[in-house]
Enquirer: 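The structure follows.
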2 protein chains.
Amino acid sequence: MVRKTKAEAEQTRQQIIDAARKVFLELGVGRASLERVAQVAGVTRGAVYWHFENKAALFYAMREESAHVFDELEQDLVSDRLANPLDAVEESLLGFFKVLETHPKVREVFEIMALRCEYVDEFAPILYEVNKPCIDFLARLCKVYGWAAERGYLRAGLDPEAMAYDTLSFATGLFNNWMIDDEADDVRRRAHAMIRSHVALRRA
Amino acid sequence: MVRKTKAEAEQTRQQIIDAARKVFLELGVGRASLERVAQVAGVTRGAVYWHFENKAALFYAMREESAHVFDELEQDLVSDRLANPLDAVEESLLGFFKVLETHPKVREVFEIMALRCEYVDEFAPILYEVNKPCIDFLARLCKVYGWAAERGYLRAGLDPEAMAYDTLSFATGLFNNWMIDDEADDVRRRAHAMIRSHVALRRA
DNA sequence: CATTATACATACAATCACGTTTGTTTGTGA
DNA sequence: TCACAAACAAACGTGATTGTATGTATAATG
């Protein structure tokens, strides 16, 4: 009972990625054996090695699935469809965490990348790929805060670039605290209010 | 040539911890074998297992060394020795990153914890111990921002608690971006300016 | 319809790291 | 000084993973 149809093969490939996500999340990337991934996927290691060269390749494939969910989101930020650019910043940040809330797969992948992966050797390059959208986000923030300043929406005396860096750090930190999700600070429930308060801080 | 003096034994223990830090940083905690740690320390696995129960215990010991470097720093925040509490916040944040710059061992431990460790099983509890100082920091920030509001140093209309959460996220994010240290954003060089700009944002 | 490459399952070999046990020397306390 | 335990080194056994090699049934292709 082998040699399945192309569609079926693609399906098993997807099953393997889904299984990898579960196993990576539970055991961490390092301790996750491809044997266990295969078990959870309902196949053998033969199938895993057929579709992916090794664990790193599987990790990259898993990541790429969720990487491009935010493309439209970033596009929104600089679309300039809102009169007040600061509203665009707010919406962009709210949208990011909304995705984390509504897309469990994406959330799990980000949790793996934040807390269940050691960035050495084959995995070290991922760190910079993960960081790349952040650099983009920073550039967009600079532009948008610049617009806000020009149009008088940014409080007088505030430097757009400085605001961009501040917002980048804020977003990064909120993301990390959101992932850890300690009951004591309850960041996950406060996230929306925090975002609004963060942006309000620089409104004219 | 065994049965060394107590002082010598303590020294080898320290050598093992130092070696662990190097190996963890290079290979990640998961891939770091105690054999390699022993080699770098100039001993055998026998010595490692004599001083530490296993890799996790060694990790905990390594961490604890650097954990209490910031105690005085947090104390400073609520010491109320500065007229303007916002200056205390600024100094506290600057002090944190100054420690990272001046204490390479501490920096390495924090880099291991941020990027070279998978928080599962025996390592999962560490995540909450790491987060505990953050909770403390948040509480202190609430108090200090409250003082600032009372004394009129906080810009009118700003909620002290909201400011505390914003600063916590900022600090967390700055720390993470500082660790990744991409040349593109150059956060590590801008850190001081970012901190000052962050605090300035809420001055009256 | 014969052939071929696909999509796996199974089997194999090799390494590696871990925990434990045993052995050895020598500080140290009585 | 004597007995004991500290502070390791060395050896042992074991299970877990990895990569590869081989087998095989069947979908695709001409």
Side-chain angles (χ1 to χ4, degrees), chain A residues 1-62 112 116-118 120-123, chain B residues 1-62 112 116-118 120-123:
Chain A
M1 67 254 292
V2 263
R3 178 56 179 177
K4 302 178 179 167
T5 199
K6 280 199 184 268
E8 287 171 323
E10 180 55 34
Q11 186 183 341
T12 56
R13 188 191 128 97
Q14 189 61 44
Q15 284 173 11
I16 292 170
I17 291 182
D18 289 338
R21 183 162 29 77
K22 290 179 192 169
V23 178
F24 287 167
L25 190 62
E26 188 187 347
L27 304 180
V29 177
R31 294 182 175 186
S33 68
L34 296 185
E35 170 66 32
R36 180 89 188 110
V37 170
Q39 281 177 14
V40 173
V43 294
T44 67
R45 267 171 56 245
V48 176
Y49 274 101
W50 169 256
H51 285 282
F52 306 96
E53 193 183 343
N54 50 33
K55 197 201 284 182
L58 175 53
F59 181 91
Y60 274 78
M62 176 201 70
I112 290 167
R116 310 278 199 271
C117 180
E118 299 177 0
V120 286
D121 299 331
E122 330 93 78
F123 297 100
Chain B
M1 68 256 290
V2 265
R3 176 59 180 178
K4 304 177 180 167
T5 201
K6 281 201 182 263
E8 288 172 322
E10 180 56 32
Q11 186 184 340
T12 57
R13 187 191 129 97
Q14 190 61 42
Q15 285 173 13
I16 292 170
I17 291 182
D18 289 338
R21 183 161 29 77
K22 290 179 191 169
V23 178
F24 287 167
L25 189 63
E26 188 187 347
L27 304 180
V29 177
R31 292 180 176 187
S33 68
L34 296 185
E35 170 66 31
R36 181 89 189 108
V37 171
Q39 280 178 16
V40 173
V43 294
T44 66
R45 269 171 55 246
V48 176
Y49 274 102
W50 169 255
H51 285 282
F52 306 97
E53 192 184 345
N54 49 33
K55 198 201 284 183
L58 175 53
F59 181 91
Y60 274 78
M62 177 202 71
I112 291 167
R116 309 279 200 271
C117 179
E118 299 176 359
V120 286
D121 299 331
E122 331 90 79
F123 296 100

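In this text, all values refer to a predicted model and were calculated from it rather than measured experimentally. Just so we're on the same page: letters track the sequence lines, and every chain starts at 1.
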Enquirer: What's the NZ-P distance between A/K6 and D/dT26, to the nearest Å?
Expert: 18 Å
Enquirer: Report each atom pair, protein N/O against N/O of nucleotides 16-18 of chain D, whose distance is under 3.5 angstrom.
Expert:
from   : atom 1 : to    : atom 2 : distance (Å)
D/dT18 : OP2    : A/L34 : N      : 3.3

Enquirer: Which one of A/I16, A/V43, A/I17 satisfies the side-chain contact (heavy atoms from CB on, under 4.5 Å) criterion with A/H51?
Expert: A/I16
Enquirer: To the nearest angstrom, how far is B/L27 atom CG from C/dC16 atom P?
Expert: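 Whole-Å distance recorded here is 13 Å.
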Enquirer: Starting at atom CG of B/L58, determine the distance to atom P of C/dA17, rounded to an integer number of angstrom.
Expert: 16 Å
Enquirer: How close or far is atom C1' of C/dC8 from atom NE2 of A/H51, stated in whole angstroms?
Expert: 8 Å
Enquirer: What is the distance, to the nearest angstrom, from the CD atom on B/Q11 to the P atom on D/dA7?
Expert: 13 Å
Enquirer: Given side chains that start at C-beta, do those of A/F123 and A/E118 come closer than 4.5 Å, heavy atoms only?
Expert: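 Contact flag for A/F123/A/E118 side chains = no.
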Enquirer: Without decimals, in angstroms, what is the distance between A/K4 NZ and C/dA7 P?
Expert: 11 Å
Enquirer: Which of these nucleotides, C/dA7, D/dA9, C/dT10, is closest to any side-chain atom of A/T44?
Expert: C/dT10
Enquirer: Kindly say if B/T12 contacts the phosphate of D/dC8, meaning a side-chain N or O under 4.0 Å from OP1 or OP2.
Expert: yes
Enquirer: Under 3.5 Å, is there a donor-acceptor pair between the A/Q14 and A/E10 side chains?
Expert: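 Distance-only check fails for A/Q14 and A/E10.
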Enquirer: Given atom CD of A/E8 and atom C1' of D/dA27, what is their separation to the nearest angstrom?
Expert: 10 Å
Enquirer: Can you check whether A/F59 reaches A/C117 side chain to side chain, under 4.5 Å on heavy atoms?
Expert: yes
Enquirer: Using atom CH2 of B/W50 as one end and atom C1' of C/dT22 as the other, report the distance to the nearest whole Å.
Expert: 14 Å
Enquirer: Does A/T5 make a side-chain N or O approach to OP1 or OP2 of D/dT26 shorter than 4.0 Å?
Expert: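 No.
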Enquirer: 5'-most contact on DNA chain D: A/G46 or B/A9, nearest heavy atom basis?
Expert: B/A9
Enquirer: Donor-acceptor pair, A/R116 side chain versus A/V29 backbone, under 3.5 Å?
Expert: no
Enquirer: Does B/E122 come within less than 4.0 Å of A/R31, counting only side-chain N to carboxylate O?
Expert: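 Salt bridge present between B/E122 and A/R31.
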Enquirer: Does some side-chain heavy atom of B/E26 sit less than 4.5 Å from a side-chain heavy atom of B/K22?
Expert: no
